[in-house]
Asker: 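Have a look at this one.
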There are 4 protein chains.
Amino acid sequence: MSPRTSHQFKEIRESRKSQIMDTALELFAREGYAHCTIAMIAKKAGISKGLLYNYFESKEQLLNEILESGLTEIWELLDPDKDGDLSAEELKNFIHIVFRLMRDKRDYWLVYFGLLMQPKVMEQIVRRPVVKNIEAYFQILMNYFKKQGYENPLLEVTMLSALIEGLGVLMIYTKDVVEIPDTLMDQFEERVINLINNRQEGQIFSSSQKNEK
Amino acid sequence: MSPRTSHQFKEIRESRKSQIMDTALELFAREGYAHCTIAMIAKKAGISKGLLYNYFESKEQLLNEILESGLTEIWELLDPDKDGDLSAEELKNFIHIVFRLMRDKRDYWLVYFGLLMQPKVMEQIVRRPVVKNIEAYFQILMNYFKKQGYENPLLEVTMLSALIEGLGVLMIYTKDVVEIPDTLMDQFEERVINLINNRQEGQIFSSSQKNEK
Amino acid sequence: MSPRTSHQFKEIRESRKSQIMDTALELFAREGYAHCTIAMIAKKAGISKGLLYNYFESKEQLLNEILESGLTEIWELLDPDKDGDLSAEELKNFIHIVFRLMRDKRDYWLVYFGLLMQPKVMEQIVRRPVVKNIEAYFQILMNYFKKQGYENPLLEVTMLSALIEGLGVLMIYTKDVVEIPDTLMDQFEERVINLINNRQEGQIFSSSQKNEK
Amino acid sequence: MSPRTSHQFKEIRESRKSQIMDTALELFAREGYAHCTIAMIAKKAGISKGLLYNYFESKEQLLNEILESGLTEIWELLDPDKDGDLSAEELKNFIHIVFRLMRDKRDYWLVYFGLLMQPKVMEQIVRRPVVKNIEAYFQILMNYFKKQGYENPLLEVTMLSALIEGLGVLMIYTKDVVEIPDTLMDQFEERVINLINNRQEGQIFSSSQKNEK
DNA sequence: AATGAATGAGCTTTCATTCAT
DNA sequence: TATGAATGAAAGCTCATTCAT
C-alpha cells in the first residue's frame, strides 16, 4: 500500500474535524454547552476522548471553532460587494438569507444565542475577527438607511436587527412551548421586506388594514 | 433569655432569602450561571455555604426561585384588569412598563434570557405556573389585535414580541461591545407605541420620513 | 404560681429524655442510624435541635443511652437470684422472657443488632458496664449446663445463644420479605424449652417424628 | 505505538474492578460502611477517587456489586442439582460448605449481616435476582423436611436457619470480645449434621449425655 | 492516529454542632 | 428552658485533561 499523500491526510483531518464539530454542535444545542461532557461528544462522534484532543486543544477551543466556523459560513452567504455599499436588492437578499438561515441552522443559533447570554463567553466571542465583520455590516446598514434619507439611521438599524433577532429568539425559546409555523415565518419575512421596500405600505402593524376602509 | 419569636424568625428568614437571591442574581448575570459556584455566592453574600442550603435545597432550586420571583414581580406590574380585555391605553402602558423593566432589571433579563437558551433549563421554566400567565397575556394581545380588525393577529403579536425581545437581546448582548444609549431606547419605545396607536403613521422604518418629500 | 420543686424539674427532664430516646429509637430502626439526622429526630420529637443537645451531648451519646437503657431494662427482667445459680425453672423463665422481648422490643433489637454489626460501634458497646452483666450471664448458663452433666457446656451455651439470636436475626431481616407468624415463634420457643427440659424428647429436628414409628 | 487491544482493556478493567471491590469489602468490614469514605477506599486501593467512579457509579453501587458478587459466588458453591430435590448427602454437604464459608468469608458476612440490619439497605438487597435464588433454596429445604415426614417443615427450616445464622452472628459480633475457637465451630457443625442424620441421637442439647446414665 | 484508563482539582451537598437571642 | 439560624469540616461526585500503550 502506498502511503497517503500529505494532501490526503489533510483531507481526512479536515473531515474528522467537521464531523466532531457537527456532533458537538448538535449536542450543545440539545443539552446546553455546560451540560455536555467531552465523553458524551466523543461517544456520539464514535471516537475516543483522546482523539478529540488530537483535533481540539480544549472543550472551549472546540466551541470557539464551532462558533467561528458558523459565523464565517453565514458571513460568506451574506457578504455583499464589500464596496461598503448596499443596494435595495442586496438588502432584500440579505434579509431573505437571514431568514433562511434562521430555519436551516437552528441548532447553530440556539447555541450561539445561548452563549451570547453567558457573559464570560461573550467576551471571548467578541474578540474574534469574524465579529469585526459583523460590526462592519452594521456600518453598511447604517449607510444604507442614511442614504435613503432616514433621519435616524441608528434607530432604523436597531429596529431591523431587533425584529430579526427577536424573531430568532422567539423561534428558539418557544420551541418547547409552541412551534412557530413556517407560514408565519414567511409572512414575517415578507412584512420586513415590505417595510424596507415601501415605506408607505410598510406599517409594521397594518399590512392588511387598508381593506378595512 | 427568651428565644426569638416565630415572627422574628420569619423576618430573618425572609430577609436572608432575598439577600441570597439578590446576590446570586447579580453573580449569575455577571459570571453566568454555570460559572458561578455556591462558594462564590456564599462568600459574596457573606454567609457560609451551609446556610445557603438552609434556604435553598440546591443550586438549581435557587435559580428557579430567582426566575419565579422575577417573573412574578414583573407580572404584577403588567397585570391588566384581568378582564381579558385590553384597551389601547393599557397596551401603551404595558409597553412602557416593559421598556422600563428592560432597563431597571437588566441583570434579571440577562440571566433569564441566557437560561432560556439552555434547553434543559427552559423545559423546567416552562412548567412553572407563572409562565402560564405569560401565555394568557399572549391571548390578551391576540384579542386586542383581532378587535382592532387586524387580519392576522398572530403575526402582529409575533412582530410586537419580536421587536421587544429583540431589543432586549440587543441590549443585553451588546453590553460588552457597545452600550445602547437611553435616548435610542426612548425613541424605540416611542416608535413602537406609535405603531400601535396610529397605523397610518406607524411605518416602522419611516416615522420621520414624510417630512422629507 | 409557685416555682416547681427540683423534684418536679427532674421528673420533667427525665420524661423529656425518654420521649426523645423513644422517638430516636423508632427512627433509627426505621431509617438506620447513619441515615437519621438530628434534625429528623428533633422534628419527630416535636422539639428544636438545640433542646436535644440540652439533653444529650451528641448524637452518639444519644445512641449510647438508648442502647444502655434498653440493655438495662432487659437485664432487669432477666436478672436471676444473682446467686450465680440457675434453676431449671429460672432458665425456662429466662427463655420465655427473651422470646417475649424479641417480639415486644423489635425496634430495639433491630437497632441493637444493626449496630452490633458496625465494627466501630461494637467496640463502644462492649466497654459498657451492662455488657459485663451479659458476660456474667454467659457464665451462669455455663454453670447450669455443667451442673446438668453436659460434657461440653460451652458448646451447649453457644447453641442456645445461636438458636435464640439466629431467630432474632431471621425475625428482623425477613421483615421485608416475609413475616414470621406468631404461632411459629411460639412453636420455636416451645421446642427450645423442651430441648432443655427433656433431653430425650428434645431432638431439635424431631418433635413430630414419634408418629412415624 | 499502537493502542491497547480491546481485550487488554477488558482485562485491565476487570482486575481493577475486583481490586477495588476487595479493598472496599475489607474496609467496610473493618470500619463499617457508613464510616468508610471514598477517599479511604481509593487511597487503600492505591488509585484516585475519580477512577473509582470510572468503575462504580456511586458508593452505594459499589456496595451493591460487592454484595451481589458475594452472593453469587456463594450460591454457585451451594447450588444443588437444581432438580429441586435434596438428598441427605447434599444437605450435609450444603451445611459443610456454609460452615466453611462462614470462616473463610468472614469479612463478607460481617458486611452482609451488618447491612441486612440497615432497613433501607435491606430493601435494596431483597430486590436483587440472587436473593430470589435464596428463596428458592428455602423451598428446597422445606421439601426435604416434608419428604422426611416432618410435621412442620417450616419450623424445621426456621430452626436450621436460625442455628446457622445465629452462629454466624455470634462469630461476627463476638470478634472483639472473644474469638470462637475453630474446634467449637467444628463441634457445632458436627452437631447440626448429626441432628439431621440421626434424629434419635440428634437432641440438640444432649449428644454426649447418654453415656452419663 | 487512536484508545480509554487514570488523574486531581474543584464542585455541590450534608449535617453534627454551636450560639445569639 | 427553648429556638432555629448559622457554621465549617468533610463527604460524594464530576469531568476536562493527560498519558502509557
Side-chain angles (χ1 to χ4, degrees), chain A residues 4 9 12-13 16 34-43 47-62, chain B residues 1-6 8-13 15-16 34-42 46-60 62, chain C residues 4 9 12-13 16 34-43 47-62, chain D residues 1-6 8-13 15-16 34-42 46-60 62:
Chain A
R4 287 192 188 83
F9 271 125
I12 292 172
R13 259 195 93 79
R16 258 285 161 70
H35 189 247
C36 279
T37 69
I38 292 289
M40 282 164 67
I41 299 167
K43 187 172 182 183
I47 60 169
S48 69
K49 279 185 292 175
L51 190 55
L52 196 150
Y53 277 88
N54 202 316
Y55 290 98
F56 303 93
E57 61 186 22
S58 70
K59 189 185 174 189
E60 198 175 326
Q61 191 54 33
L62 167 60
Chain B
M1 243 175 284
S2 58
R4 289 191 189 84
T5 63
S6 75
Q8 281 174 309
F9 277 128
K10 202 180 163 195
E11 267 185 354
I12 291 174
R13 276 195 81 80
S15 86
R16 263 281 189 274
H35 188 247
C36 278
T37 69
I38 293 289
M40 282 165 66
I41 300 168
I47 59 168
S48 67
K49 279 184 292 174
L51 188 58
L52 197 149
Y53 282 89
N54 203 317
Y55 290 95
F56 302 93
E57 60 187 27
S58 68
K59 189 184 170 189
E60 197 175 327
L62 167 59
Chain C
R4 286 190 188 84
F9 272 126
I12 291 173
R13 257 194 94 80
R16 258 286 160 69
H35 190 245
C36 280
T37 69
I38 292 289
M40 282 164 66
I41 300 166
K43 188 172 181 183
I47 59 168
S48 69
K49 279 184 292 175
L51 190 55
L52 195 150
Y53 278 88
N54 202 316
Y55 290 97
F56 303 92
E57 61 187 23
S58 70
K59 189 185 174 189
E60 199 176 324
Q61 191 53 33
L62 167 60
Chain D
M1 245 173 284
S2 57
R4 288 192 189 81
T5 64
S6 75
Q8 281 174 308
F9 277 127
K10 204 181 160 194
E11 267 184 354
I12 290 174
R13 276 194 81 79
S15 86
R16 263 281 189 275
H35 189 247
C36 277
T37 71
I38 293 290
M40 281 164 67
I41 300 168
I47 60 168
S48 66
K49 278 184 293 174
L51 188 58
L52 198 149
Y53 282 90
N54 203 318
Y55 290 95
F56 303 93
E57 58 187 29
S58 67
K59 189 184 172 189
E60 197 175 326
L62 167 58

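Just so it is clear: chains get the letters A, B, ... in the order the sequence lines come, proteins before strands, and each one is counted from 1.
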Asker: Indicate, yes or no, whether a donor-acceptor pair under 3.5 Å links the base of E/dG10 to the side chain of D/Lys49.
Answerer: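 Pair found.
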Asker: Answer yes or no: is there a side-chain heavy-atom contact under 4.5 Å between D/Leu52 and D/Lys49?
Answerer: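 Answer no - side chains too far apart.
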Asker: If F/dT21 has a Watson-Crick or G-U wobble mate with both distances under 3.5 Å, name it; if not, just say none.
Answerer: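 Across any shown strand, F/dT21 pairs with E/dA2.
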Asker: State, to 0.1 Å, how close B/Met40 and B/His35 come at their nearest heavy-atom pair, and which atoms those are.
Answerer: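 So the two residues come closest at SD-O, 3.8 Å.
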Asker: Answer with base, sugar-phosphate or nothing: what part of the nucleic acid does C/Phe56 contact at a heavy-atom distance below 4.0 Å?
Answerer: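 The answer is nothing, as C/Phe56 stays clear of every strand by at least 4.0 Å.
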Asker: Rounding to a whole Å, what distance do you find between A/Gln61:CD and F/dA16:P?
Answerer: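 From A/Gln61 CD to F/dA16 P: 15 Å.
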Asker: Pick the closest DNA chain F nucleotide for D/Gly50 and for D/Cys36 by heavy atoms, then say which residue is nearer the 5' end.
Answerer: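 On the 5' side of the pair lies D/Cys36.
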Asker: Compare side-chain N and O positions of A/Asn54 against OP1 and OP2 of E/dA1 and report whether any pair is under 4.0 Å apart.
Answerer: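 Indeed, a polar side-chain atom of A/Asn54 lies that close.
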Asker: By nearest nucleotide on DNA chain F, pick out whichever of B/Ser48 and C/Leu52 is the more 5' one.
Answerer: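 Its nearest nucleotide being more 5', the pick is C/Leu52.
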Asker: Figure out the NZ/C1' separation between C/Lys59 and E/dT18, and round it to whole Å.
Answerer: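 So the two atoms are 17 Å apart, to the nearest Å.
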Asker: For the pair made of CD1 in A/Ile38 and C1' in E/dT3, what is the distance, rounded to whole Å?
Answerer: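 Distance check: A/Ile38 CD1 to E/dT3 C1' gives 15 Å.
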Asker: Report which part of the nucleic acid D/Ser58 touches: base, sugar-phosphate, or nothing (heavy-atom distance under 4.0 Å, all strands).
Answerer: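 Answer is sugar-phosphate: D/Ser58 comes under 4.0 Å of backbone atoms only.
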Asker: Which base, if any, makes a Watson-Crick or G-U wobble pair with E/dA16, both distances under 3.5 Å?
Answerer: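 Base partner found: F/dT7.
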Asker: F/dA5 phosphate, OP1 or OP2: any side-chain N/O from B/Arg13 under 4.0 angstrom?
Answerer: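 Yes, such a contact exists.
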Asker: Grab the CD-C1' distance between A/Glu60 and F/dT17 for me, whole Å please.
Answerer: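 Distance check: A/Glu60 CD to F/dT17 C1' gives 14 Å.
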Asker: What's the closest nucleotide to the A/Leu51 side chain, out of E/dC15, F/dA16, E/dT3?
Answerer: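 Per side-chain heavy atoms of A/Leu51, the pick is E/dT3.
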Asker: OP1 or OP2 of F/dA2 less than 4.0 angstrom from a side-chain nitrogen or oxygen of C/Tyr53, does that happen here?
Answerer: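 No.
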Asker: Identify the nucleotide, in any strand shown, that forms a Watson-Crick or G-U wobble pair with E/dG10, with both distances under 3.5 Å; if there is none, say none.
Answerer: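 Answer to the pairing question: F/dC13, which forms a Watson-Crick or G-U pair with E/dG10.
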Asker: Counting heavy atoms from C-beta on, name the nucleotide in E/dC11, F/dT21, F/dT7 closest to the side chain of D/Gln8.
Answerer: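 Nucleotide nearest to D/Gln8's side chain: F/dT21.
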Asker: Under 4.0 Å between a side-chain N or O of B/Arg4 and OP1 or OP2 of F/dA2?
Answerer: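 No, outside the criterion.
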Asker: In whole angstrom, give the distance that lies between atom CD of B/Glu11 and atom P of F/dA5.
Answerer: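 For the pair B/Glu11 CD and F/dA5 P, the rounded distance is 13 Å.
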Asker: Starting at CD1 of A/Ile41 and ending at P of F/dT17, how long is that distance when rounded to a whole Å?
Answerer: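 Roughly 11 Å, once rounded to whole Å.
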Asker: May I have the distance from D/Tyr55 (atom OH) to F/dT14 (atom C1'), rounded to whole angstrom?
Answerer: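 Checked: the OH to C1' distance equals 17 Å.
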Asker: Taking only side-chain N and O atoms of C/Arg16, does any of them lie within less than 4.0 angstrom of OP1 or OP2 on F/dT1?
Answerer: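 So the side-chain polar atoms of C/Arg16 never come under 4.0 Å of the phosphate oxygens OP1 or OP2 of F/dT1.
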